[in-house]
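Structure first, then comments.
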Amino acid sequence: MATNLSTALGPYHHHSDTNHRRPFHFTKKRFTISCNSSKRAPPPPPPSSAVAQESKNPSLADQLKPLSTTILSDQPNETHLLSKPKSTWVNPTKPKPSVLSLQRHKRASPYSYNPQIKDLRQFAKKLNDCEESDFVAVIEGIPHPPTRENALLVLNSLKSWQKTILFFNWVKAQNVFPLETIFYNVTMKSLRFGRQFQHIEDLAFEMIEKGLELDNITYSTIITCAKRCNLFDKAVEWFERMYKTGLMPDEVTYSAVLDVYAKLGKVEEVMSLYERGRASGWKPDPIAFAVLAKMFGEAGDFDGIRYVLQEMKSIGIQPNLVVYNTLLEAMGKAGKPGLARSLFEEMVDSGIVPNEKTLTALIKIYGRARWARDALDLWERMRVNGWPVDFILYNTLLSMCADLGLVEEAERLFEDMKGSEKRKPDSWSYTAMLNIYGSGGNVEKAMALFKEMSKTGVDLNVMGCTCLIQCLGRAKKIDDLVRVFETSINGGVKPDDRLCGCLLSVVSYCEGEDADKVLSCLEQANPKLVEFVKLLCGDESANFDVVKEEFKRILSSTAVEARRPFCNCLIDICRNRNFHERAHELLYLGTIYGLYPGLHTKTDEEWRLNVRSLSVGAAHTAFEEWMGTLAKIVQRQETLPALFSANTGAGTHKFSQGLGNAFASHVEKLAVPFRESEGKSGFFVATREDLVSWVQSKAPLVMTTACTN
DNA sequence: ATAGGGTTAG
């Protein structure tokens, strides 16, 4: 279902409902097109009903509606908006409708010098240090009378939210002066630190009851607290309430709310708010851009990231460190390592010194992109320039080494960490090392690490467990595998779908007793999956429709990233147990459930089979299927392209190694005229003439192995 | 220090 803004904005919407409200159909593409155009459409006027009722404080929903309608309408059917706008809109005597106040809330003047400050600081320290049960008694020792200034100073110094509340209530009970908004705001700040949304909301209601003014600081504190507690509906609710009472958000509250919608993934709402704010004359600051950049990064939306850069440029805002960090991270998520690299160089050239987060983002990007040269160069620059390093960055460097297969570099860093006082390896560090040894097939070193962990008291986590099991499975050390699995489960590891996929892949290449041992591990983690394996291979009479339904059920309860591996392994299991037809059925189901997008690509000149993301068995199955289809086409004498190719990938990824070789021997066995391309490894090509004559000589055989639907 | 908004790990 499409997101509907009126739903998102809650109950405040209903009274201004009109028939031009429509659900959002705001796709990424459309957004980008509309926002990238250099000329921004002038903001449309608010609906006349809103102007009449609340010309000063139109509701947020009313503010957003016309804009979204303008952007989203499928046809330019905006006559109801444009029929009488001029008088309202262009008339300079009327103010522009505005969604935010361009002026920030004015702060009270800072404290004047007070000779009692030193005593009060000491007193606050005593309060912070004492037991909570003694707190009230300690308060009584306050060295100076709790005047407004004195009370504020102490209230500001308390660290735990429980003590803040106790002190707040004590001051209230003294009844020396009425507690103003600032007392509530300071108290809320402490509660927010303790993530106590309910307490904050109670205080807010108390303010309303007493008729105290809730200002922008109050609202932004409430909203960000709700956000940090993941109570997004509450955050939106309080933002709406603010408009309702006639208070306009300033840019701090406004960007806090942008972040709320961004965290909800409501890109279109964020952009409506942003554009509305811009139309009101708002000049967004770096924090607002960090919010947008983060949002587009999470969505992997490169066009959105470009839009942010372009906006900053046109407004004349230089990114600061945080904005650069966010943009780098976003570039990584959008799969643009090269642009991340240039952005980083631009940042350094502009004189900004990278921090741990910058370097963590970049190292991660280079590792994932398998850019060993850039990763190592950056590592060297970190050392030479003395750039800051922290624990997360160390672990990220280790993971990068795992991605790139840099065994010695990782071992050196790992030893450094063991030797340091502050940065002892934790379960993340061990996981990275297990990943390195596991993918390199070094069982001895991997098992040595496993033993070392139990000695040093570092818990194996689910990912480390997966790496180790994969390694032991490949080495056919099934008894060790079972022991590691049992130990992990007893140690509190919760098996996830990746671990199950890993066990399933071990099952695919094991036989007899070994396979049964691994299956009984899998049974503990995912009994349904084991049941399905038995359905596939145990009972030959299980019909296709039953398999289809069960498979659908399994997949829909599996994490997206583990679905294709599951299907690959299941195909391998069927093939290795001589259920070839089942394998074809599973490949067919995997294809219709969208697990293999882009498996076939066709142009007039060339048809290509892309098996890079398939397991060996699945790739064989797909190839046989392809040849079977081809045989039918030849039989029917339909048109064929001049060239056929199959792409296995060159096996640069540590898990896809061997696919090319397996494929080569498979085509050799079938005597199909595919030859590995000389220039490109992992590319197998055949001409139409060769293939057609092969099909004609082998047609009966191919036809029998092909799935008949 | 002295009431409010943004960024790091499969």
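Any value given below was found using the heavy atoms of this structure, including those in side chains, with hydrogens, waters and symmetry copies removed. Chain letters run A, B, ... following the sequence lines, proteins first and then strands; every chain starts at 1.
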Test side-chain hydrogen bond (donor to acceptor under 3.5 Å, both in side chains) applied to A:Thr558 and A:Asp497, step by step: CA-CA 7 Å; A:Thr558 301; A:Asp497 290 336; 4.8 Å; no

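A donor-acceptor contact under 3.5 Å is formed by the side chain of A:Thr253 with the base of B:dG4. Side-chain atoms of A:Thr221 stay outside donor-acceptor range of the base of B:dG4, with no qualifying N/O pair under 3.5 Å. A donor-acceptor contact under 3.5 Å links the side chain of A:Asp250 to the base of B:dG4. For A:Arg192 against B:dA3, a side-chain-to-base donor-acceptor contact under 3.5 Å is absent. A donor-acceptor contact under 3.5 Å links the side chain of A:Asn325 to the base of B:dT7. For A:Asp285 and B:dG5, a side-chain-to-base donor-acceptor distance below 3.5 Å is present, hydrogens and geometry of angles not being considered. Residue-to-nucleotide contacts include a donor-acceptor pair under 3.5 Å from the side chain of A:Arg104 to the base of B:dG5. Taking only distance into account, the side chain of A:Asn320 meets the base of B:dG6 through a donor-acceptor pair shorter than 3.5 Å.
Remark: A:Arg341 pairs with A:Asp374 by the salt bridge (Lys or Arg N to Asp or Glu O under 4.0 Å) rule, at least two apart or across chains.
The OH-C1' distance, from A:Tyr430 to B:dA9, rounds to 18 Å in whole Å. In this structure, A:Phe289 places its CZ atom 17 Å from P of B:dG6, rounding to the nearest Å. Residue A:Glu298 contributes atom CD, which lies 15 Å from atom P of B:dG6 at whole-angstrom precision. The nearest whole Å value for the distance from the CG atom in A:Leu460 to the C1' atom in B:dG10 is 14 Å. What separates CG of A:Asn156 from P of B:dA1 is a distance of 12 Å, to the nearest Å. Rounding to whole angstrom units, CG of residue A:Leu153 and P of B:dA3 are separated by 10 Å. Computed from coordinates, the A:Asn185 CG to B:dA3 C1' distance equals 5 Å when rounded to whole Å. Straight-line distance from the NZ atom of A:Lys118 to the P atom of B:dA1: 15 Å, rounded to whole Å.
Counting only heavy atoms from C-beta on, A:Val252 has its side chain closest to B:dG5 among B:dG5, B:dT8, B:dG10. Nearest nucleotide to the A:Lys357 side chain, out of B:dG4, B:dA9, B:dT8: B:dT8. For A:Arg498, counting side-chain heavy atoms from C-beta on, the closest listed nucleotide (B:dG10, B:dA3, B:dT8) is B:dG10.
For A:Lys189, a side-chain nitrogen or oxygen approaches OP1 or OP2 of B:dG4 to under 4.0 Å. For A:Lys227, a side-chain nitrogen or oxygen approaches OP1 or OP2 of B:dG6 to under 4.0 Å. Between A:Arg228 and B:dG6, a side-chain N or O to OP1/OP2 separation shorter than 4.0 Å is present.
The residue A:Asp259 sits close only to the backbone: its heavy atoms come under 4.0 Å of sugar-phosphate atoms, none of a base. Note on A:Lys263: only backbone sugar-phosphate atoms sit closer than 4.0 angstrom, heavy atoms only; bases stay farther off. Contacts of A:Thr431 with the nucleic acid, taken as non-hydrogen atoms under 4.0 Å apart, include base atoms. Residue contacts for A:Val323: at a heavy-atom cut-off of 4.0 Å it reaches a base atom on one of the strands shown. A:Ser157 comes within contact range of at least one nucleobase, with a heavy-atom separation under 4.0 Å. Residue A:Val322 is in base contact, counting any heavy-atom pair closer than 4.0 Å across all strands shown. Residue A:Arg121 is classed as a base contact, given a heavy-atom separation below 4.0 Å to a base.
Separating the OG1 atom in A:Thr224 from the NZ atom in A:Lys189 is a distance of 11.5 Å, to the nearest 0.5 Å.
No more than 12 heavy atoms of other residues, nucleotides or ligands shown are found within 6.0 angstrom of NZ on A:Lys125.
A salt bridge does not link A:Arg412 to A:Glu415: none of the charged side-chain nitrogens sits closer than 4.0 Å to a carboxylate oxygen.
The side-chain tip of A:Lys263 does not point at the ring of A:Phe232 from less than 6.0 angstrom away and within 45° of straight on.
Between the side chain of A:Arg278 and the backbone N or O of A:Trp282, at least one donor-acceptor pair lies under 3.5 Å.
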